[in-house]
Amino acid sequence: MDLLSRLNLEQQAAVEHGKGPALILAGAGSGKTRVITYRIAYLIRNAASRPENILAVTFTNKAADEMRQRVHGLLGPVRPAEPLISTFHSFCVRLLRREIHRIGYKPDFSIYDSDDQRRLVKRVLQELGKPQSVFQPGRTLSRISYAKSHSVPPASYAGQFPAVDAEDISLIYSRYNARLRSANSLDFDDLLLKAVEILHSFPERRDRYSDQFRYILVDEYQDTNVPQYNLLRLLTSRHDNLFVVGDEDQSIYKFRGATIRNILSFERDFPGARIIKLEQNYRSTKTILDVASAVVRNNTERKEKALWTRNRPGEAATCCRALSPRKEAAWVVGRIGSLLEDNPDLRLAILYRANFLSRNFEDVLLERGIPYAVVGSVAFFGRMEIKDMLAYLRVIFNPEDDVALLRIINTPARGIGATTVELLTRAALDKGIPVSRVLGEFAGDAQLAGRSHRALRRFRQQLEAWMAERDGAGVADVLRGVLEGTAYADMLRRQESSPEAESRIANIEELVRAAEEAEERGETVFEFLDRASLASELDHLDPKARVSLMTVHSAKGLEFDVVFLAGMEEGLFPHALSSSSTEELEEERRLCYVGITRAKERLFLSWTPFRRTFGRDLDGPASPSRFFDEMPFQLLQGWDAAGGFLEEDEEEYEDGQSDQEAEAPVPLKSGRPAAGRDTQDPPRNMQELRAYIQTTQAAGSAAGGRALRPGVRVRHAQFGDGIILKRERSGNDFKLTITFSRVGKKTLIERYARLKVL
DNA sequence: GATTTACGCCTTTTT
DNA sequence: GGCGTAAATC
């Protein structure tokens, strides 16, 4: 097969690029992955490089798997050696398992996931007597992680990130690191930092790896952070065959330390770099591309590029303003149902800004019996019972892993209560040794007697027995031994109603099976544990699932025939917590761009003014996302002249059923109406809707082109100035509830009120 | 030490 | 509104 014939000129140039650095600026859908995989195949096919001299780095395991498969597809699966296609993190783990002894760790280190990290931060806060009310574990942790992902050590924290409590954070950060160190454990950020440290401190190792990986290819380069950049620099010290592919418009991980600087200053960092732009989009219809481009064009921090396509125009994006999250879901799922009826092979996705939105969609999909796959919310490896089992494994293979030990020390309950645990950790802290050592000392102290010491002794014996068996037996056998020795299943049955317990037991069985399969593949325990630690739910995405639910972040790099972007309202998308600065807003906008450009054929956008976040009302109804305003309205179906959107869910409203539990009146916060908000009273059915359009158009002309909607400020000849709270139908007229600053709340008939919009 | 109750936090995105 | 942790009680 001629590799180059299936590529356009720019793609060919990229694939054929010889030695030296190259930056491929590749717009969405322009064949990024294609270029990387073809280049790998090209290098091998043309004997420019031996497979084992090639390293391709991605961000997710899913992307790595896909790349591997595509390379196999191009070259055929049987080769004497494989190119190494890996994520940043798993590449580092591989390196560290071999090299970390050089900086004083043992090769059997544990990897802490975010849950383990949280537990550790909490412990540190307790040790230091810092109140968790002030230093919320989650936030504190994210500040530590932010520092790490900028390669900022505790000592320079306060200098780098000034804040009133910077000294406190610095101290917590430093203690947190010390605890990790003594537990012979690394968190996600450490994987990169320690790999960099080793390559930096041991030039001989650096040269060795740099020699081996003579060709390095990086996907999604715009999302690399400082440690990742440093790693690439070290790995290219003996050559500069660094080939990176990226798109600054798709940079969405700034919050995690990704720095767009890496892409913007690539030419300076790697002199003589060749730059190739891929601007032809092969994925989406012209309409979808135009909508996406129109949005992202509003960013100032970007290189202007002209993404174009030969694809057909396609249909306009369809918009929906729903009266509740539930109805939004009903609309989306209704559309999905009929799309699938027409074409059962479609792949569809519901994308949203935040995970908690998945719930309504799941409910409705379940009710309608449409199979779906959710990505992200509860990962298999994140389940309590799986984490417990893995914690046992971690302790058995790395007894110094304090967090794992403390997790299982009394799970299932074995008589080692809080007081005893406190005693153990206090002693460990005082002596600066891992908890397991203290456990050994306490249990071995014949002086001590009593119930809790008997429990400690029994637990230590059990641990030792497992550890004695661990090397002879496989992981699966060790797991079975743990299950049996702890009667874990009995605990589950005691704790929960039977269906939950049985499903947890089934999960554990699945884990044991996975361990067996790993053994058959010849994996070591650590390879198994590493995979469990680095696995994300994204990796379990079933390619056969017709409907996938996930956050926009998770969707990066994926494509679907049809995309539903849900929750498109102010406060959620852009998120309220990311709307304070232009920088944050630009990241939200890029996120929106990523979401839209996942769609090949059709795009649907939905929002609701009445989303409630955990029980509490928001401050009044939400407005549609500002990103709507940035889209060309002629490319949006359902765009209403009054500036709102047509309700699209005819069935739901014409059968009248769901209208009974009618929506609460516009929940404006009393006393402080949301002035200036672009909201309106929801029509409840098609008649109201038609009437609504008529009157808003009529009222629009009567009131100087502005519609009478809740939130709008008006002036009345007698009552003075006020704000419209509610607008509802009353016979052939509309009744307005208005709160006037002078006379309070009044109800008026729109036709006679002669209001002037302010 | 275990079980029950109350309180508070959370929901921005993730390897 | 739901979950996990901390205090209160058995």
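Below, each value reflects all heavy atoms present in this structure, side chains not excepted, and no hydrogens, waters or symmetry copies. As the structure is a prediction and not an experimental result, all values here were calculated from the model. Letters A, B, ... mirror the listed sequences (proteins, then strands); counts begin at 1.
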Inset, instruction - Could you tell me whether A/Arg139 contacts a base, only the sugar-phosphate backbone, or nothing, with contacts defined as non-hydrogen atoms closer than 4.0 Å? - result: sugar-phosphate
Legend entry - Pair A/His553 and A/Tyr352, ring centroids less than 6.0 Å apart: no
Inset, instruction - Would you indicate what A/Phe188 reaches in the nucleic acid, counting non-hydrogen atoms under 4.0 angstrom: base, sugar-phosphate, or nothing? - result: base
Inset, instruction - May I ask you to verify if any side-chain N or O of A/His575 is less than 4.0 angstrom from the OP1 or OP2 atom of B/dT12? - result: yes
Inset, instruction - May I have the distance from A/Tyr352 (atom OH) to B/dT13 (atom P), rounded to whole angstrom? - result: 10 Å
Inset, instruction - Measure the distance from CZ on A/Phe255 to C1' on B/dT15 and round it to the nearest whole Å. - result: 10 Å
Legend entry - Steps toward side-chain hydrogen bond (donor to acceptor under 3.5 Å, both in side chains) verdict (A/Tyr209, A/Glu99): CA-CA 11 Å; A/Tyr209 284 100; A/Glu99 311 285 350; 2.7 Å; yes
Inset, instruction - Quickly, which of A/Glu587, A/Arg589, A/Glu248 forms a side chain to side chain donor-acceptor pair (under 3.5 Å) with A/Asn299? Name it, please. - result: A/Arg589
Legend entry - Any A/Asn355 side-chain nitrogen or oxygen under 4.0 Å from OP1 or OP2 of B/dT14: yes
Inset, instruction - Check whether NZ of the Lys or CZ of the Arg A/Arg119 lies under 6.0 Å from the centre of the six-membered ring of A/Tyr112 and within 45 degrees of that ring's axis. - result: no
Legend entry - Spacing of A/Leu357 atom CG relative to B/dC10 atom C1', expressed in whole Å: 15 Å
Pairwise N/O distances under 3.5 Å, protein to nucleotides 1-6 of chain B:
residue	atom	partner	partner atom	Å
B/dG1	OP1	A/Thr420	OG1	2.7
B/dG1	OP2	A/Thr419	OG1	3.3

Inset, instruction - State whether the side chain of A/Arg97 and the backbone N or O of A/Pro107 hold a donor-acceptor pair below 3.5 Å, judged by distance alone. - result: yes
Inset, instruction - Between A/Arg118 and A/Tyr253, just flag the one whose closest nucleotide in DNA chain B comes earlier from the 5' side. - result: A/Arg118
Inset, instruction - Determine, answering yes or no, if A/Phe88 is stacked on B/dT15 under the 5.5 Å centre rule and the 30° plane rule. - result: no
Legend entry - Single hit among A/Phe161, A/Tyr173, A/Tyr253 for ring-ring contact (aromatic ring centres under 6.0 Å, His included) with A/Tyr146: A/Phe161
Inset, instruction - Check A/Glu588, A/Glu570, A/Glu569 against A/Arg626 for a side chain to side chain donor-acceptor pair (under 3.5 Å) and give me the one that passes. - result: A/Glu570
Inset, instruction - Would you mind classifying the nucleic acid contact of A/Gln136 as base, sugar-phosphate or nothing, using non-hydrogen atoms under 4.0 angstrom? - result: sugar-phosphate
Inset, instruction - Decide, yes or no, whether a salt bridge links A/Lys148 with A/Asp187 under the criterion of side-chain N to carboxylate O below 4.0 Å. - result: yes
Legend entry - Atom-to-atom span, CZ of A/Phe135 to P of B/dG8 - whole angstrom: 19 Å
Inset, instruction - Look only at the side chain of A/Arg175 and the backbone of A/Val124, and say whether a donor-acceptor pair between them is shorter than 3.5 Å. - result: no
Legend entry - Interatomic distance, A/Arg256 CZ vs B/dT14 C1' [rounded to whole Å]: 5 Å
Inset, instruction - Quickly work out the A/Leu351 CG to B/dT12 C1' distance and round it to whole Å. - result: 15 Å
Legend entry - N or O in side chain of A/Thr551 less than 4.0 angstrom from B/dT14 OP1/OP2: yes
Inset, instruction - Mark yes or no for whether A/Gln462, through its side chain, and A/Gly485, through its backbone, hold a donor-acceptor pair below 3.5 Å. - result: yes
Inset, instruction - Represent DNA chain B in dot-bracket notation, 5' to 3'. Only Watson-Crick or G-U wobble pairs with both distances under 3.5 Å count; pseudoknot-style crossings use [ ] and interstrand partners use |. - result: |||||||||......
Inset, instruction - Could you say whether A/Ser90 or A/Ser578 is positioned toward the 5' end of DNA chain B, judged by the nucleotide with the nearest heavy atom to each? - result: A/Ser578
Legend entry - Per A/Glu588 side chain, nearest of listed nucleotides B/dT15, B/dT12, B/dT14: B/dT12
Legend entry - Whole-Å gap separating C1' (B/dT15) and OH (A/Tyr112): 18 Å
Inset, instruction - Take atom NZ of A/Lys122 and atom P of C/dG4, then tell me their distance rounded to the nearest Å. - result: 10 Å
